[in-house]
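Here the structure is a predicted model, which is why all the values come from computation and not from measurement. Order of listing sets the numbers, starting from 1, for every ligand and every atom in it.
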Amino acid sequence: MNVTIHTDRLLSELHHLALLTDCPPTQDKSLPEPTQAVTRIIFTPRDLEARAWLTALAEAAGFSVRVDAVGNTFIRWDGTDPSLGAVGTGSHTDAIPYSGMYDGTVGVLGGLEAMRALKESGFTPKRSIETLMFTSEEPTRFGIGCLGSRLAGGVLDPEAADKLLDRLPETDPSAPAGLHLGEVREAAGFNGTLASVKLPKGYYDAWVELHIEQGPLLEREGIALGIVTGIAAPASYRYTVEGFGGHAGALLMPFRRDALCAAAEMILSVEKHALAANAKSGGVDTVATVGMVGVHPGAVNSVPSRVTLTLDIRDTDVVRRDGVMAAFHEDIAAIEKNRRVKITEEFINADAPAKSSEHIVETLEAICKAEGASYKKMVSRAYHDSTFMAAVVPIAMVFIPCRAGVSHRPDEYSTPEAIALGTRVVALALAKLANE
Ligand code: GLV
Ligand code: MN
Ligand code: MN
């Protein structure tokens with residue numbers, strides 16, 4: 001099969017999508033390649049603009065497009081045997097504030113390019129092939145990552161999902177407060193019950209997601225591609241610390257119940273326990289991050305009375321992750337007592353790791369060998385939509401190197417050659433899996 005990936009076409013589409021951003025144009029002149037800071041939050045006018053552009057692109061290539069109740073977008077090429085399950089690829093196009101232009105987008109536009117290239121080569125698929133663009137892989141707006149793929153995989157209760165609070169007002173004071181996913185998606189034009197989003201078993205028979213590595217290993221080791229054998233297990237929580245505020249001059253130190261000082265102890269506690277878990281295992285698989293802190297009332301001369309913070313904790317081993325949380329909970333109880341504050345925990349998610357299908361991993365290895373592409377089998381430390389697709393379909397992922405492992409930053413970068421190679425391997429895998 002003579003498949004040609006049109007790298008220029010794919011690159012120009014990636015750059016076009018990058019310009020659909022709510023960051024001001026910020027080409028960083030200090031970097032050798034053009035980069036664009038991207039903010040594309042789900043269901044904002046910018047996201048809707050990107051969706052309309054993607055749909056037009058897919059239809060122009062001769063594919064049909066279907067959108068489900070949460071906005072997951074299915075770009076479909078019908079196979080000759082409709083009785084067989086489809087083969088899927090895809091990722092996300094939403095982007096956290098001030099991030100890069102390759103996270104997720106390479107998997108969506110690369111998937112579309114893979115389908116186009118196969119079609120142009122004259123290939124006829126027996127199984128249908130689809131590229132999916134998932135809604136809200138990033139947790140920015142509704143507090144939980146992989147919203148679309150969780151619902152598609154049936155691992156998030158649809159009624160609870162519709163009640164997820166819209167957190168946009170926390171960072172954008174012009175956004176209306178008190179709305180929930182149900183209202184926001186309907187206002188954006190995505191109707192129907194969320195229960196309808198779950199994919200029936202057998203809808204897909206195989207799934208391969210293309211993504212940038214978001215870590216440094218491939219580049220450091222000079223390896224062209226990563227074949228993902230498993231995805232680390234993510235968990236997240238939100239905390240509120242309530243203390244007692246007052247005048248920064250007049251409220252004397254012995255009488256303080258400073259919520260921010262208590263939160264600072266919490267942040268250092270979870271870091272300490274994550275480091276201890278790594279020291280004990282001799283590895284680096286436990287990671288814990290407090291990425292958001294909200295301070296009330298937030299004034300130079302006011303003692304913080306209330307603090308909110310988020311915790312993102314991940315591990316390849318759920319038991320070890322639970323151990324860190326248990327140690328953290330003990331510290332929380334001590335901090336509450338010693339500092340006379342009230343700490344409440346809101347559980348958001350605690351997921352299991354995902355395991356790739358041996359068959360799809362072997363298929364990818366065979367393709368890499370035939371193409372003369374170096375590869376290594378590796379674990380994904382970032383989560384991906386594939387984590388939750390694994391509940392309804394055998395999955396695997398292909399990673400391409402990204403410069404210095406940088407991601408979730410505007411200077412995120414992958415070379416055109418790496419993007420083209422990853423797309424080619426995914427195209428060949430889709431073709432192979434579609435005709436099995
Ligand atoms: C995905 O963006 C992640 O946080 O792993
Ligand atoms: Mn991301
Ligand atoms: Mn991503």
Side-chain angles (χ1 to χ4, degrees), residues 14 17-18 21 23 35-42 47 50 72 89-111 131-150 152 167 207-217 226 228 230-238 285-292 310-316 321 348-354 378-390 395 397-402 405-414 418-419 422 426:
L14 281 164
L17 183 53
T21 170
C23 284
T35 60
Q36 171 63 51
V38 184
T39 299
R40 197 162 41 243
I41 311 294
I42 206 75
D47 172 50
N72 291 328
T89 189
S91 196
H92 61 102
T93 57
D94 65 325
I96 66 167
Y98 209 66
S99 63
M101 58 172 272
Y102 300 93
D103 175 5
T105 57
V106 165
V108 175
L109 292 172
T131 294
L132 242 149
M133 189 277 282
F134 290 101
T135 280
S136 202
E137 191 264 0
E138 303 291 6
T140 316
R141 185 155 189 181
F142 296 102
I144 186 165
C146 299
L147 195 47
S149 47
R150 279 177 194 273
R167 300 191 169 269
W207 175 269
V208 188
E209 178 175 355
L210 174 65
H211 206 282
I212 60 168
E213 183 198 348
Q214 303 183 286
L217 301 182
V228 173
I231 306 174
S236 57
Y237 301 81
R238 193 175 292 110
D285 285 344
T286 312
V287 285
T289 307
V290 174
M292 289 182 85
T310 57
L311 171 63
D312 175 313
I313 176 165
R314 313 181 189 202
D315 206 314
T316 49
R321 186 187 70 192
I348 301 171
N349 64 294
D351 301 301
M378 61 194 299
V379 167
S380 171
R381 297 178 186 284
Y383 58 68
H384 298 285
D385 292 304
S386 295
T387 315
F388 303 100
M389 288 304 281
I395 62 126
M397 293 185 70
V398 175
F399 275 176
I400 58 169
C402 56
V406 163
S407 183
H408 283 184
R409 281 179 19 188
D411 53 339
E412 181 179 271
Y413 178 73
S414 284
I419 294 168
V426 166

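Of the possible donor and acceptor atoms, none in the side chain of Arg40 sits under 3.5 Å from a partner among the backbone N and O of Ile96. Using a distance-only test at 3.5 Å, with no hydrogens or angles considered, a donor-acceptor pair links the side chain of Thr105 to the main chain of Met101.
Side-chain polar atoms of Ser236 and Asp312 form no donor-acceptor pair below 3.5 angstrom.
Taking atom 4 (O) of ligand 1 as the reference point, the nearest protein heavy-atom neighbour is Arg314 NH2, 2.8 Å. With hydrogens left out, the protein atom closest to atom 2 (O) of ligand 1 is Glu138 OE1, 3.0 Å, a heavy atom.
In this structure, the side-chain hydrogen bond (donor to acceptor under 3.5 Å, both in side chains) partners of Ser407, at least two apart in sequence or on a different chain, are Gln214, Glu412.
Excluding waters, the set of protein N, O or S atoms lying under 2.8 Å from the Mn ion (ligand 3) comprises His92 NE2, Asp103 OD1, His211 NE2.
Proximity of Glu137 to ligand 1 is established by a heavy-atom distance of less than 4.0 Å. Using a 4.0 Å heavy-atom cutoff, His408 is listed among the residues neighbouring ligand 1.
Here the side chains of His408 and Tyr98 are not in contact, with every heavy-atom distance at 4.5 Å or above.
When all heavy atoms are compared, the tightest approach of Ser149 to Asp385 is OG-OD1, 2.6 Å.
Interface atoms of ligand 1 facing Ala382, defined by a heavy-atom separation under 4.0 Å, are 5 (O).
Electrostatic pairing of Arg150 and Asp351 counts as a salt bridge here, judged by a charged N lying under 4.0 Å from a carboxylate O.
Considering backbone and side-chain N/O atoms, Tyr383 comes within less than 3.5 Å of an N/O atom of ligand 1.
In summary, the aromatic rings of Phe399 and His384 are positioned with their centroids under 6.0 Å apart. Between Phe388 and Trp207, the ring centre distance reaches or exceeds 6.0 Å.
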